[in-house]
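Input: a single structure, listed below in structure tokens.
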Number of protein chains: 2
Amino acid sequence: MEEHYTIGALSRAAGVNVETIRYYEKIGLLKTPLRASNSYRYYNHAAVQRLQFIRRGRELGFGIAEIATLLELADHPERPCCEADQLAQTHLRDVEQKIKDLQAMQLVLQQIVTCQSDIAADCKLIETLGSH
Amino acid sequence: MEEHYTIGALSRAAGVNVETIRYYEKIGLLKTPLRASNSYRYYNHAAVQRLQFIRRGRELGFGIAEIATLLELADHPERPCCEADQLAQTHLRDVEQKIKDLQAMQLVLQQIVTCQSDIAADCKLIETLGSH
DNA sequence: CTTGACCCTGTAGTAACTACAGAGTTTATG
DNA sequence: CATAAACTCTGTAGTTACTACAGGGTCAAG
């Protein structure tokens, strides 16, 4: 059970690339790992889980600061989770707003893309952007 | 009709902030304007239109490089606009992909947000991120 | 013993701005 | 007319979350 990982093994296990792991360490999202005599980083299974937690958070669109808060909470299961709820709700609203913004773009772009003209003079896209 | 604008007036007229205008000039998206004797930039109405074109492009989610291409085309109405069509189509696909990604996040977040527990130990968000 | 696959640190680049600092200029007000 | 607010200038650094080297050291296989 006493598995340990080099940074490359951790990378594969958690699905996060090596440079990113070092970056997370630098910004304090991952605590500094043990070092072997050759100064290589060595990680344990807990690090894999922590990194997977981070990756899943990122996949849901949470920012680094938000994930740091969530990790803190995960480390202290006795604390109230209203902060996590708050984060999730705010983030959901952000996501929904982004979807709306993108759908508005989509609508305009769909109208433009039907353009069949040959020259820029009557290209719908150019016309749309240049209209007063 | 011979209106001229300081950078602040241009900013208000086009809805793009002053720092951004100077930034666009630096990266070559706007050509260097005339200068008054006090070294203040002075713009004409064409600059307003050009900047509005850029703003609309950005609002549709186009990148700076893409907008540079579109401006080139707008300046040469005799050229074929297949490049603009191509840009619009590619960009539309990107937007649609982003919408899909965000909708996937939305779905997961909506399930999480229904969480009614009091402590982090059984918070759905933390649980979701930490599940093996 | 050498080749290739790792690992290290540190710096710079990405996108598209935004935010100063520190200075000069112009305009409005008393 | 003085002065203060509002504007302009240049130049640099910060933002987000990484990614991409450069220039080295280390380790395992053949």
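Side chains are part of it too, since the values below use all heavy atoms of this structure and drop only hydrogens, waters and symmetry mates. Below, read A as the first sequence line, B as the second, and so on, with proteins coming before strands; counting in each chain starts at 1.
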*For DNA chain D, determine which residues of residues 87-108 of chain B have any heavy atom closer than 4.0 angstrom to one of its atoms, and list them numerically.*
none

*Got more than 12 heavy atoms from elsewhere within 6.0 Å of CD1, B:Ile27?*
yes

Scan the side chains in residues 18-25 of chain B for donor-acceptor partners under 3.5 Å anywhere in the protein, sequence neighbours excluded, and list what turns up.
{"from": "B:Glu19", "atom 1": "OE1", "to": "B:Arg22", "atom 2": "NH2", "distance (Å)": "3.4"}
{"from": "B:Thr20", "atom 1": "OG1", "to": "B:Asn17", "atom 2": "OD1", "distance (Å)": "3.4"}
{"from": "B:Glu25", "atom 1": "OE1", "to": "B:Arg41", "atom 2": "NE", "distance (Å)": "2.7"}

*Does one hydrophobic cluster hold both B:Met105 and B:Val108, with members joined at side-chain heavy-atom distances below 4.5 Å?*
yes

*Divergence of helical axes at both termini of the helix from C:dC1-D:dG30 to C:dG30-D:dC1 - five pairs an end, 10° steps*: 10°

*How close or far is atom P of C:dA5 from atom CD1 of A:Ile7, stated in whole angstroms?*
19 Å

*Gap between atom OH of A:Tyr43 and atom CG of A:Leu30 - 0.5 Å precision*: 6.5 Å

*asked:* For the backbone of B:Ala65 and the side chain of B:Thr69, can you confirm whether one donor and one acceptor N or O come within less than 3.5 Å of each other?
replied: yes

When the side chains of residues 92-100 of chain A are checked against the rest of the protein, which donor-acceptor pairs come out under 3.5 Å, sequence neighbours left out?
{"from": "A:Glu96", "atom 1": "OE2", "to": "B:Gln106", "atom 2": "NE2", "distance (Å)": "3.2"}
{"from": "A:Glu96", "atom 1": "OE2", "to": "B:Gln110", "atom 2": "NE2", "distance (Å)": "3.3"}
{"from": "A:Gln97", "atom 1": "NE2", "to": "A:Asp101", "atom 2": "OD1", "distance (Å)": "3.1"}

*When you measure from every atom of DNA chain C, which of residues 8-19 of chain B have a heavy atom less than 4.0 Å away?*
B:Asn17, B:Glu19

*Nucleic acid contacts of residues 32-42 of chain A, taken as heavy-atom distances under 4.0 Å to DNA chain C*: A:Arg35, A:Ser39, A:Tyr40, A:Arg41

*Is the backbone N or O of A:Lys124 less than 3.5 Å from a side-chain atom of A:Thr128, with the two atoms forming a donor-acceptor pair by type?*
yes

*Near DNA chain C, which residues from residues 58-66 of chain B have a heavy atom under 4.0 Å away?*
B:Arg58, B:Gly63, B:Ile64

*Between CZ of B:Arg50 and CG of A:Leu129, what distance do you get to the nearest 0.5 Å?*
12.5 Å

*Round to a whole Å and report the spacing from CD1 of B:Ile21 to C1' of C:dT18.*
14 Å

_For B:Arg55, give me all partners under side chain to side chain donor-acceptor pair (under 3.5 Å), at least two apart in sequence or on another chain._
B:Glu59

*Can you tell me how far the CG atom of B:Leu125 sits from the CD atom of A:Gln89, to the nearest 0.5 Å?*
11.0 Å

_Run the ring-ring contact (aromatic ring centres under 6.0 Å, His included) test against A:Tyr40 and tell me which residues pass, sequence neighbours left out._
none

*For B:Tyr24 and C:dA16, is the shortest distance between a side-chain N/O and OP1 or OP2 below 4.0 Å?*
no

*First and last nucleotide of DNA chain D, 5' to 3', lying under 4.0 Å from heavy atoms of chain B*: D:dC7 to D:dT12

*Report yes or no: does A:Glu66 contribute a side-chain atom to a donor-acceptor pair with the main-chain N or O of A:Gly63 at less than 3.5 Å?*
yes

*Reckon A:Ile27 touches a base, only the sugar-phosphate, or nothing at all at heavy-atom distances under 4.0 Å?*
nothing

_Between C:dC20 (C1') and B:Arg22 (CZ): distance, integer Å_ = 12 Å

*asked:* Please give me the minimum heavy-atom distance between A:Ala84 and A:Leu70, naming the atom from each residue.
replied: CB-CD2, 3.9 Å

*How would you list, by chain and number, every residue that makes a ring-ring contact (aromatic ring centres under 6.0 Å, His included) with B:Phe62, sequence neighbours excluded?*
B:His91

_Gap separating the CG atom of A:Asn44 from the CD atom of A:Gln49, nearest 0.5 angstrom_ = 9.5 Å

*Any idea which heavy atoms bring B:Ile112 and A:Ala88 closest together, and the distance?*
CG2-CB, 4.1 Å

*Would you please name every residue forming a side chain to side chain donor-acceptor pair (under 3.5 Å) with B:Glu72, sequence neighbours left out?*
B:Arg79

*Between B:Leu29 (CG) and C:dA16 (C1'), how many Å, whole number?*
11 Å

*Shortest non-hydrogen separation from B:Val48 to B:Ala13 and the atoms involved*: CG1-CB, 3.9 Å

